[in-house]
Every structure is written in C-alpha cells, then in structure tokens.
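Worksheet: the structure to be examined is printed underneath.
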Amino acid sequence: MQAVFLDFATFGPADLDCSPLTGLLPGIRLHDDSPQMTLAGRLRDAEVVIVNKVVLDARILALAPQLKLICCAATGTDNVALDVARTRGIAVTNIRDYCAPSVTQHVFALMLALTQRLREYDRLLAGGAWAASRSFCLLDYPFHELRGRTLGVVGLGALGRSVAQVAQAFGMEVIAAQRPYAASAGGGQTHGIRRVAFTELLSSSHVVSLHCPLTAETRRLIDADALARMRRDALLINTARGALVDPAALLCALHDGAIAGAGIDVLEQEPPASDEALVAARLPNLIVTPHIAWAAREARERALAEIAANIEAYLSGTRRNRVD
C-alpha cells in the first residue's frame with residue numbers, strides 16, 4: 001500500500017527504531033513536516049496516511065482520492081474531519097495507553113521541582129550562597145513532604161490512574177473529580193479512588209493534576225473562579241491540553257499568591273507565539289515545558305509500534321483502535 005507519514009519529525013525520529021513501520025510498509029514515505037503547498041502531491045496516491053498534528057479537514061481530505069486509512073499518531077483525533085472520513089468509508093485509528101509511564105514521570109518531575117524549590121536552591125548556589133554560608137546546609141526556602149497531602153485528579157483514565165498510583169506510593173491521599181465537573185455532588189469510588197465534586201476537589205487538594213480531554217465542557221475548566229477555590233499552598237499541574245486552563249487567570253493567581261505554583265507542559269497554541277504570556281512570565285513558582293510529558297524515548301517507540309499494529313490489523317480485516 002502507498003503510505004505516508006506527514007509529520008514524522010514530531011516524533012523526534014533520530015533516536016527511534018522505526019522498523020515496526022518500515023518493516024510493515026517498506027515503501028512508506030517519512031516526511032519531517034508537510035507544509036500546505038506539499039499536501040496535494042503527497043496525498044494524491046496515498047492509501048494510508050499517518051498524522052500527528054497536521055490538520056486533515058474536508059478540503060485536505062479531498063486531495064486524497066485513494067485514501068483508505070488514517071492513523072492518528074496520538075490519542076486525540078480533533079485534527080481529522082471524522083464526519084468526512086465516515087462518509088467516504090475511510091477508517092480512522094488512534095493510539096492509546098502508550099505514554100502513561102512517561103507522562104506520570106513528568107507530572108512528578110514538575111510536582112517535585114516545585115515542592116522541593118529546586119530552581120530557587122540552584123540559583124542560591126549559582127550566586128555563591130552556600131560557599132559563603134557558615135552552616136552545612138541552606139534552608140532559605142522551606143519545603144514539605146508529599147506524604148499526607150492530597151492529590152486531586154481531574155480525569156481518571158489511564159493517565160490519571162497511573163499518576164494516582166505513584167501518588168499513593170508517596171503516601172498521598174488521592175481523590176478524583178466526579179463528572180460532570182459542574183455537578184455539585186460527589187460520591188462513590190472508581191478504581192478504589194474516592195470521587196468528589198469538582199469544587200470540593202479544588203478546595204481540598206494540595207496538588208491538582210489535569211488528565212481530562214479537551215471538550216466543550218472542559219475548555220477553560222481552570223478559570224479565575226476555579227483558581228480562587230484552590231488552596232493558597234496548592235500546585236496546579238497540566239500535562240493534558242493547554243485550553244483547559246485560562247492562562248491570564250493562572251498568571252494572576254501566581255502573581256497574587258492565590259496558589260503556590262504551577263507546572264504546565266501544554267499551551268493553547270503550540271508552538272507558542274513569541275509573546276506567549278506563560279512563557280515570558282519567568283515566575284519562580286511557574287515551570288513551563290514544551291509539550292514533552294508524553295515523549296520519553298520508550299513512549300515514542302511504543303507509539304510507533306501501536307501505529308504499526310493498527311495498520312496490520314486493518315490489512316487483516318480486524319478492527320483495532322478504530323474511532324470511526
């Protein structure tokens with residue numbers, strides 16, 4: 001089959017074993033990126049298209065008359081016109097549960113860096129404060145243990161559950177938001193984790209970690225009102241979708257000390273504009289990373305293997321990870 005990966009560079013392929021794809025589809029064309037003016041030529045004969053972030057809307061899909069299968073190289077499919085694919089009988093697959101260890105690791109990297117005040121202590125050493133000290137240690141920035149504190153998970157899918165398990169190993173109490181998030185009442189348990197109303201989660205948690213999809217319900221879920229409900233010593237961690245958080249409201253909360261800190265791996269626009277406020281702020285209680293939580297080498301190789309397994313299933317007439 002004629003196959004093309006339109007934005008292979010999003011996988012940082014230099015360090016990856018690509019044999020799951022190239023072994024299955026020896027003639028696959030791997031393009032680092034695909035500017036708009038290249039799409040007509042690259043899609044004309046394509047029967048299989050693999051795409052991570054390139055938008056396949058109705059206009060672009062019209063350029064691919066031979067297309068039979070779209071493989072989304074992520075869990076989200078919002079960049080594909082699913083209704084058009086369904087009408088044309090084009091199968092669409094995604095990949096699932098491939099990056100939970102990587103995301104979990106990043107969540108705790110952010111959480112621990114903020115909790116332990118690592119950047120502040122690094123700056124003290126760089127300024128010579130330890131060498132000039134009369135004490136064997138510096139305690140300028142008090143910090144605390146995670147044990148006994150409460151983690152509030154918003155979105156208890158595979159990623160949320162993975163983060164919850166590690167939190168429990170640290171001795172944290174874990175609660176999860178009841179859906180719908182606007183509901184006033186909680187109750188019950190899921191996977192042994194107590195469900196509470198979203199407002200209760202905000203007011204009770206020392207750390208709020210977002211793992212829900214971006215929908216009409218969750219867009220700007222963390223707004224000025226939500227931030228005002230959080231504890232003043234709380235941290236916000238977002239490795240899910242940038243638009244879950246109102247950036248202006250978050251900056252105000254961090255400036256004013258309404259919350260203690262935030263670790264943000266995703267932005268509403270990626271790559272960000274040169275004047276993106278969250279990137280430019282350089283606040284001591286804010287860490288922003290460039291959408292890397294998912295991207296440990298092992299996770300990216302699992303993703304390629306999952307894509308290959310989806311294609312192999314399609315070729316054998318089996319439904320696997322189909323979203324259409």
(request) Check the pair Val279 / Leu267 against side-chain contact (heavy atoms from CB on, under 4.5 Å), numbers first and verdict last. (result) CA-CA 9 Å; Val279 176; Leu267 298 174; 3.9 Å; yes

(message) Using every non-hydrogen atom in the two residues, find where Val107 and Ser209 come nearest and quote the distance to one decimal.
(response) CG1-OG, 3.8 Å

(message) I need the minimum non-hydrogen distance between Pro20 and Ala305, along with the two atoms involved.
(response) CB-CA, 4.2 Å

(request) Tell me whether Leu110 is reachable from Val174 by hopping between hydrophobic residues (I, L, V, M, F, W, Y) whose side-chain heavy atoms are closer than 4.5 Å. (result) yes

(request) May I ask whether Trp294 and Leu16 are part of the same hydrophobic cluster, defined by side-chain heavy atoms of I, L, V, M, F, W, Y residues being less than 4.5 angstrom apart, directly or through others? (result) yes

(request) Measure the CG-CG distance between Leu124 and Asp140 for me, rounded to the nearest 0.5 Å. (result) 5.0 Å

(request) Provide the closest heavy-atom pair for Tyr314 versus Ala91 in the form atom of the first, atom of the second, distance. (result) CE1-CB, 3.9 Å

(request) Calculate, to the nearest 0.5 Å, the distance between atoms NE2 and OG1 belonging to His144 and Thr115 respectively. (result) 5.0 Å

(message) Run Ile311 and Ile50 through side-chain contact (heavy atoms from CB on, under 4.5 Å) and show every step you take.
(response) CA-CA 10 Å; Ile311 297 171; Ile50 305 171; 4.0 Å; yes

(request) Would you check, one step at a time, whether the test salt bridge (charged side-chain N to carboxylate O under 4.0 Å, His left out) holds for Glu268 with Arg219? (result) CA-CA 10 Å; Glu268 194 161 7; Arg219 184 174 292 275; 3.5 Å; yes

(request) Nearest 0.5 Å please: distance from the CG atom of Leu24 over to the CG atom of Leu315. (result) 6.0 Å

(message) When you compare the side chain of Phe198 with that of Leu221, does any pair of heavy atoms fall below 4.5 Å?
(response) yes

(message) I'd like to know if the side chain of Arg300 reaches the main chain of Ala295, judged simply by a donor and an acceptor atom lying under 3.5 Å from each other, with no hydrogens or angles considered.
(response) yes

(request) Drop me the distance from Leu146's CG to His206's NE2, to the nearest 0.5 angstrom. (result) 10.5 Å

(request) Please check if any side-chain donor atom of Thr190 sits under 3.5 Å from a side-chain acceptor atom of Arg195, or the reverse. (result) yes

(message) Please report the interatomic distance CZ(Arg42) to CZ(Arg29), rounded to the nearest 0.5 Å.
(response) 8.5 Å

(request) Taking only Lys NZ, Arg NE, NH1 and NH2, and the carboxylate oxygens of Asp or Glu, determine whether Asp233 and Arg149 approach each other closer than 4.0 Å. (result) yes

(request) Taking the side chain as every heavy atom from C-beta outward, state whether Leu30 and Phe11 have any atom pair closer than 4.5 Å. (result) no

(request) Determine whether more than 12 heavy atoms belonging to other residues, nucleotides or ligands lie under 6.0 Å from atom CD of Glu270. (result) yes

(message) Between Glu217 (side chain only) and Tyr181 (backbone N and O only), is there a donor and an acceptor less than 3.5 Å apart?
(response) yes

(request) Decide yes or no for Pro247 and Arg220: does some side-chain heavy atom of the first lie under 4.5 Å from some side-chain heavy atom of the second? (result) yes

(message) Is the ring pair Phe8/Phe5 parallel, tilted or perpendicular, if the boundaries are 30 and 60 degrees?
(response) tilted

(message) Can you confirm whether Arg119 is buried at CZ, in the sense that more than 12 heavy atoms of other residues, nucleotides or ligands lie under 6.0 Å from that atom?
(response) yes

(message) Please find the pair of heavy atoms, one from Glu120 and one from Pro284, that lie closest to each other, and give the distance.
(response) OE2-O, 3.9 Å

(message) Do Thr289 and Thr239 have side chains that approach each other closer than 4.5 Å (heavy atoms only, starting at C-beta)?
(response) no

(message) Consider side-chain contact (heavy atoms from CB on, under 4.5 Å). Of Asp246, Asp256, Leu254, Ile222, which one does Leu227 pass it with?
(response) Ile222

(message) Under 3.5 Å, is there a donor on one side chain and an acceptor on the other for Ser133 and Ser135?
(response) no

(request) Using modelled atom types only, decide if a donor and an acceptor are shared between the side chain of Asn52 and the backbone of Ala74 within a distance under 3.5 Å. (result) no

(request) For Gln2 and Glu47, indicate whether the former's side chain and the latter's backbone hold a donor-acceptor pair under 3.5 Å. (result) no

(message) Let me confirm one number: the CH2-OH distance from Trp130 to Tyr121, rounded to the nearest 0.5 Å.
(response) 11.5 Å

(message) Could you check whether any side-chain N or O of Ser203 sits under 3.5 Å from a backbone N or O of Glu200, counting only pairs where one atom can act as donor and the other as acceptor?
(response) yes

(request) For the residue pair Asn321 and Thr93, confirm or rule out a side-chain donor-acceptor distance under 3.5 Å. (result) no

(request) Under 4.5 Å between side-chain heavy atoms, chaining through other members, with only Ile, Leu, Val, Met, Phe, Trp and Tyr counted: pull out the rest of the cluster around Leu63, sorted by chain and number. (result) Val4, Leu6, Leu39, Leu43, Val49, Val51, Val54, Leu56, Ile60, Leu61, Leu67, Ile70, Val80, Leu82, Val84, Ile90, Val92, Val323

(request) Step by step, work out the side-chain contact (heavy atoms from CB on, under 4.5 Å) result for Thr218 and Val154. (result) CA-CA 10 Å; Thr218 61; Val154 182; over 6 Å; no

(request) Please check if the side chain of Ser102 supplies one atom and the backbone of Ala293 the other of a donor-acceptor pair under 3.5 Å. (result) yes

(message) Contact between Gln168 and Ile193 at the side-chain level, heavy atoms closer than 4.5 Å - yes or no?
(response) yes

(request) Search all heavy atoms of Thr75 against all heavy atoms of Ile95 and return the closest pair with its distance. (result) OG1-O, 2.8 Å

(message) With a 4.5 Å cut-off on side-chain heavy-atom distances among I, L, V, M, F, W and Y, is there a chain of contacts connecting Met230 to Val245?
(response) yes

(request) Please determine if Glu306 and Arg320 form a salt bridge, counting it only when a charged side-chain N lies under 4.0 Å from a carboxylate O. (result) yes

(message) Is there a continuous path of hydrophobic side-chain contacts, each under 4.5 Å between heavy atoms, that joins Val207 to Leu236?
(response) no

(message) Using a 3.5 Å distance criterion without hydrogens, assess whether the side chain of Asp265 forms a donor-acceptor pair with backbone atoms of His291.
(response) yes

(message) Check whether Arg302 reaches the backbone of Tyr98 with its side chain - one donor and one acceptor, N or O, closer than 3.5 Å.
(response) yes

(message) With a 3.5 Å distance limit and no angle check, can you tell me whether Asp223 reaches the backbone of Asp225 through a side-chain donor-acceptor pair?
(response) yes

(request) Evaluate side-chain contact (heavy atoms from CB on, under 4.5 Å) for His191 paired with Gln165, printing each intermediate quantity in order. (result) CA-CA 10 Å; His191 302 288; Gln165 289 171 354; over 6 Å; no

(message) Tell me the closest heavy-atom pair linking Lys53 and Asp7, and the distance in Å.
(response) N-OD2, 2.7 Å

(request) Keeping the roles fixed (side chain from Asn79, backbone from Val55), state whether a donor-acceptor pair exists under 3.5 Å. (result) no

(request) Flag yes if Leu210 and Phe108 sit in one hydrophobic cluster, no otherwise; membership is Ile, Leu, Val, Met, Phe, Trp, Tyr, and two members link when side-chain heavy atoms are under 4.5 Å apart. (result) no

